[in-house]
Every structure is written in structure tokens, then in C-alpha cells.
Amino acid sequence: MTRNSEAHHPAHLQGSKHSPHKGQHPWRRHDSATDYSRLRPTIRMRLTLLYGGMFLVAGIVLLLIIYFLTAQALRNSGAAFHLLGGIDLRMSSGVCQELHRAQSVGEFNGALDTCLDNQRNAALNSLLHRSMLALMALAVLAFALGYILSGKVLSPLGRITRTARGVASSDLDKRIELGGPDDELKELADTFDDMLGRLDRAFNAQQRFVANASHELRTPLAINRTVLEVQMSDPNAAPEIVQLGKTLLATNARSEQLVEGLLLLARSENEVVERESVDLAEKASLAVDQVRATADAAGVELRGERQPVYTLGNSVLLERVALNLLQNAVQYNIPHGGWVDASTSADSGCVSLTVSNPGPVIPAYEVDNLFEPFRRLRSERTGSGQGVGLGLSIVRSVARVHGGTVSAEPREGGGLNVCVKLPAQ
């Protein structure tokens with residue numbers, strides 16, 4: 001069995017790479033992990049801290065050298081004079097109060113030396129304090145200038161990052177086209193542009209090949225179906241021929257379903273040109289109505305709470321997403337007492353469609369493989385005549401071109417919870 005099956009309905013889609021909504025994920029802006037993005041240790045911040053720190057260390061070292069040299073020069077210079085005696089010792093000073101208390105020449109000279117030492121120490125302390133204030137002011141200025149200059153130096157990397165982010169949203173026509181001097185950054189940008197050009201050509205060639213092959217295969221399949229139906233409508237046809245015709249018609253129908261799935265998958269990889277307001281709950285309800293007969297025949301209950309939620313996108317593609325998910329959920333359910341829950345909700349700038357169902361136990365490590373084209377979880381699924389293994393691949397492609405994501409989680413006891421998240425209108 002496989003989770004990948006898709007509805008057999010041709011869709012008239014319009015795809016292009018030039019969309020005003022491409023690459024937008026407004027619901028991601030509310031992610032708590034992005035609230036602290038400015039606090040990341042970016043290259044710009046590291047360069048700012050590096051150059052500012054180097055300036056600060058160099059300034060401190062220079063300040064200490066100047067301080068010790070000045071102190072040494074002041075200590076080497078003694079008093080300009082000493083009294084030898086024979087003068088009137090009754091003197092006063094506004095700076096050295098000890099001089100007027102000197103009663104002898106020795107006391108006077110000692111007080112004079114002490115006063116000069118105090119004056120040197122006061123001058124050194126004043127020099128140190130004022131130099132520290134000046135150094136701190138210059139350090140702040142150095143960090144600010146370092147931040148500004150590093151931003152200018154790293155601005156080409158910002159352009160490369162923004163272009164790469166746009167390419168990640170399937171917008172391969174973007175180019176950096178960096179100008180300026182022919183330095184390492186320009187060489188990196190030019191190399192990146194060349195790589196994008198090759199990827200763009202490769203993806204376009206692949207999509208054209210799938211689309212053209214699908215178109216070319218439609219005609220012989222239609223002819224085969226017509227020939228078989230005409231032959232089976234002959235009243236004189238033998239029962240063996242009729243039985244063989246039914247078998248060949250079933251095989252032909254499966255081949256037509258495969259071709260339609262390939263064509264839709266190729267088209268869904270393109271960006272949506274014309275977007276309109278789409279009620280995801282309405283599309284889910286339409287898909288429920290389409291699978292109701294199959295669900296009733298299999299004894300599967302369809303339920304779920306679908307509140308109106310709106311997004312911008314292609315109405316046909318979004319209905320196909322809901323239909324593929326519901327068909328998978330009905331097809332791979334439990335034999336008795338099965339159910340499918342299809343619900344819509346809105347939260348934090350995004351709208352969600354969640355489809356849950358019981359069913360076979362699926363290991364967590366195999367979930368990602370379900371979204372790959374033609375991938376089967378178990379070998380017994382390869383012989384299933386239901387679906388061709390493109391259903392979830394189409395769901396993922398449609399979600400991507402609408403700026404959304406799709407995720408799946410195994411349910412305890414078997415089955416899956418599949419959630420498609422799209423930007424809210």
C-alpha cells in the first residue's frame with residue numbers, strides 16, 4: 001500500500017516564475033525562533049567586536065605606557081631647590097600647608113619633597129582618569145564606526161543571502177548581479193549566478209520533458225481505450241475477449257492516471273501567476289463530497305470541523321491538495337470502523353488543513369519517503385491498482401509554490417496526521 005495516490009481530474013493551471021507573492025511566508029514571521037535573530041553572533045557583530053576590541057586593547061596598552069613614562073619622568077625630576085639655611089623660615093603656601101610649620105632647614109626641605117610627591121601623584125591620577133574617559137569615548141566611537149564599516153563591507157553577502165533565500169522558494173530566475181570592484185565577493189556572486197543559471201536551465205528542461213512526454217502519451221492511450229471499448233461493445237465478442245478487454249482497460253486507465261499525475265506534478269512546480277482569495281474550508285468540503293461515495297462503500301466515516309480560513313492562491317490546485325489527502329486517508333484506512341478527520345484552522349498568520357486517519361503503522365523514519373514520487377512504504381503496495389504514487393508529491397509541490405509547507409506525523413496505533421500550512425490572506 002502507499003500513501004501516494006491522486007485524483008484523476010485534469011487541472012487547468014497557470015504557472016510562471018514572476019509572481020508578486022513568490023517566496024513569501026508571512027506566517028513564519030511569528031516564529032519564536034526569529035524574534036531573536038538580531039542577537040545572533042553574525043559576522044558583522046564579530047567583526048565589530050574584533051576591531052573595536054583590538055582598538056580598546058591597543059588604547060589601554062598605550063595609556064599604560066604613557067602613564068608609566070610620565071610617572072618615571074616626574075619621579076626623576078627632584079625639587080627645583082632646597083634651603084641651605086640663613087633665611088627666614090617663616091613661610092606659608094596655599095598648596096603645601098606643611099611649609100609654614102617647618103622650624104628648621106631640614107624640616108622645610110622634607111616638607112617640600114613631600115609636597116612635590118603629592119603634586120606628582122595628583123597630576124598622574126588626573127592624567128589617568130581623564131585619559132580613561134577619553135579612551136572610553138573613543139572606544140564607543142570605534143565600535144560604532146566598526147559596525148558601520150563592517151556593514152558596508154559585508155553588504156554584498158547580504159545580497160547573496162537574500163538571493164539564495166529567494167531561490168529556496170523555487171524562484172530560480174533571481175540573480176545577484178553584484179557590481180563594484182572585481183574582488184573575492186564579486187567572484188563569489190558571479191559564481192553563484194552561474195550556478196543559478198545552470199540550475200534554472202536544468203529544472204526547466206526537466207519540467208518541459210515531463211510535460212511533453214505526458215502530452216505525447218495521452219494520444220496513444222486514448223486510442224487504446226477507444227479500440228478496446230469498441231471491441232468490447234461487439235455483441236458477438238467471445239467472453240474471453242471481453243474479460244481481456246476489461247483487464248486491458250483497467251491497465252490503460254491506470255496509465256492515463258499516471259500521465260495526468262505527471263503532468264500535474266510538472267505544472268505544480270511552477271509559480272502561480274494569478275492568485276485569488278480561496279476559502280480552504282470550502283475546498284476541503286468539496287473534496288469531502290467527492291470522496292463520500294468511496295468512503296461510504298469502504299465504511300469510513302468523514303468528519304471534521306472546518307471553519308472558514310482564507311489564503312491567496314490557485315483555486316484548482318488547492319482543491320487538488322484537499323482531494324489527494326482525503327483520497328489517501330480513505331484508501332489506506334482500517335477495515336472496520338474507519339474514519340477520516342479533515343479540519344481547517346487559522347493561527348499566527350497562517351491557515352492549516354489537517355487530515356487525520358487510522359491505518360497501517362508507519363515508522364517515523366519512513367514518513368519523508370511518502371512525499372517522494374513513486375515511493376512505496378511496503379513492497380505489497382507496488383501491486384496496488386489504486387493510485388500511482390504521486391498524490392503526496394503533488395501536495396508538497398502545490399504547498400511550496402503557495403509559500404507553505406506540508407508535514408506528516410505517524411499516529412499512535414497506525415495512520416497519519418498530515419498538515420498543510422499556507423500563508424493567511
Side-chain angles (χ1 to χ4, degrees), residues 1-7 25 27-28 31 33 168-170 257-258 261-262 264-265 268-269 280 283-284 287-288 291 294-295 298 300-304 317-318 320-335 337-345 347-348 350-423:
M1 292 182 289
T2 181
R3 302 288 307 187
N4 280 347
S5 64
E6 73 286 347
H25 302 268
W27 56 273
R28 293 183 181 175
D31 193 330
S169 62
S170 302
Q257 189 179 8
L258 174 60
L262 287 173
L264 178 60
L265 182 60
S268 63
E269 291 290 344
L280 204 57
K283 297 305 173 184
V288 167
V291 301
T294 305
V300 175
E301 177 190 0
L302 298 176
R303 64 193 189 192
L317 279 177
L318 294 178
R320 189 59 173 268
V321 166
L323 186 59
N324 283 0
L325 292 178
L326 285 166
Q327 285 183 330
N328 280 334
V330 171
Q331 182 176 347
Y332 305 108
N333 218 294
I334 57 179
W339 53 268
V340 173
D341 186 283
S343 303
T344 58
S345 61
D347 181 47
S348 301
C350 70
V351 296
S352 303
L353 169 63
T354 304
V355 177
S356 304
N357 67 285
V361 177
I362 301 176
Y365 61 85
E366 288 284 358
V367 170
D368 290 340
N369 293 335
L370 301 177
F371 291 91
E372 298 297 329
F374 309 112
R375 293 297 294 270
R376 310 284 177 168
L377 181 61
R378 297 183 177 91
S379 59
E380 63 266 21
R381 291 186 174 189
T382 58
S384 173
Q386 301 174 346
V388 293
L390 293 175
L392 290 182
S393 300
I394 294 173
V395 169
R396 183 177 61 179
S397 296
V398 173
R400 283 178 176 175
V401 298
H402 283 82
T405 60
V406 57
S407 60
E409 295 180 355
R411 296 183 67 257
E412 185 177 357
L416 274 182
N417 295 325
V418 183
C419 180
V420 178
K421 289 188 175 182
L422 300 172

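Remember, predicted model here, so these are calculated numbers, not experimental data. One is the number of the first residue; the rest follow in order along the sequence.
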Engineer: For Leu302, enumerate each residue passing the side-chain contact (heavy atoms from CB on, under 4.5 Å) test, keeping only those at least two apart in sequence or located in another chain.
Structural biologist: Val288, Val291, Arg292, Ala295, Val330, Val340

Engineer: List the steps and the verdict of side-chain contact (heavy atoms from CB on, under 4.5 Å) for Leu416 and Leu370.
Structural biologist: CA-CA 11 Å; Leu416 274 182; Leu370 301 177; 3.7 Å; yes

Engineer: Test of understanding: with side-chain contact (heavy atoms from CB on, under 4.5 Å), list the residues that count as partners of Asn417, not counting sequence neighbours.
Structural biologist: Ser356, Arg411

Engineer: If you compare all heavy atoms of Asn333 against all heavy atoms of Ala329, which two are closest, and at what distance to 0.1 Å?
Structural biologist: ND2-O, 2.9 Å

Engineer: Mind checking side-chain contact (heavy atoms from CB on, under 4.5 Å) for Glu301 and listing every partner two or more places apart, or none if nothing turns up?
Structural biologist: Arg303, Trp339

Engineer: Do Val398 and Arg320 make a side-chain contact, defined as non-hydrogen atoms from C-beta onward lying under 4.5 Å apart?
Structural biologist: no

Engineer: Got a sec, which residues hit side-chain contact (heavy atoms from CB on, under 4.5 Å) with Ser345, two or more places apart in sequence or on another chain?
Structural biologist: Gln307, Ser352

Engineer: So do Leu353 and Lys283 actually touch side chain to side chain, heavy atoms under 4.5 Å?
Structural biologist: no

Engineer: Please determine whether side-chain contact (heavy atoms from CB on, under 4.5 Å) holds for the pair Leu318 and Leu422, giving the CA-CA distance in whole Å, both sets of side-chain angles, and the decisive distance to 0.1 Å.
Structural biologist: CA-CA 10 Å; Leu318 294 178; Leu422 300 172; 3.7 Å; yes

Engineer: To check you understand the geometry: which heavy-atom pair defines the closest contact between Ser343 and Gly304, and what is its length?
Structural biologist: OG-CA, 3.7 Å

Engineer: Between Ile334 and Gly359, what is the shortest heavy-atom contact and its length?
Structural biologist: CG2-N, 3.8 Å

Engineer: Considering all heavy atoms of both residues, which atom of Ala284 and which atom of Leu326 are nearest to each other, and what is their separation?
Structural biologist: O-CD1, 3.9 Å

Engineer: Taking the side chain as every heavy atom from C-beta outward, state whether Ser407 and Thr405 have any pair of such atoms under 4.5 Å apart.
Structural biologist: no

Engineer: Which atom pair, heavy atoms only, marks the closest approach of Ser393 to Glu372?
Structural biologist: OG-C, 3.2 Å

Engineer: Could you tell me whether the side chain of Val321 reaches within less than 4.5 Å of the side chain of Leu325, counting heavy atoms only?
Structural biologist: yes

Engineer: Closest heavy-atom contact between Ala399 and Val420?
Structural biologist: CB-CG1, 4.3 Å

Engineer: Find the distance between CD (Glu409) and CD1 (Ile362) and round it off to the nearest 0.5 Å.
Structural biologist: 12.5 Å

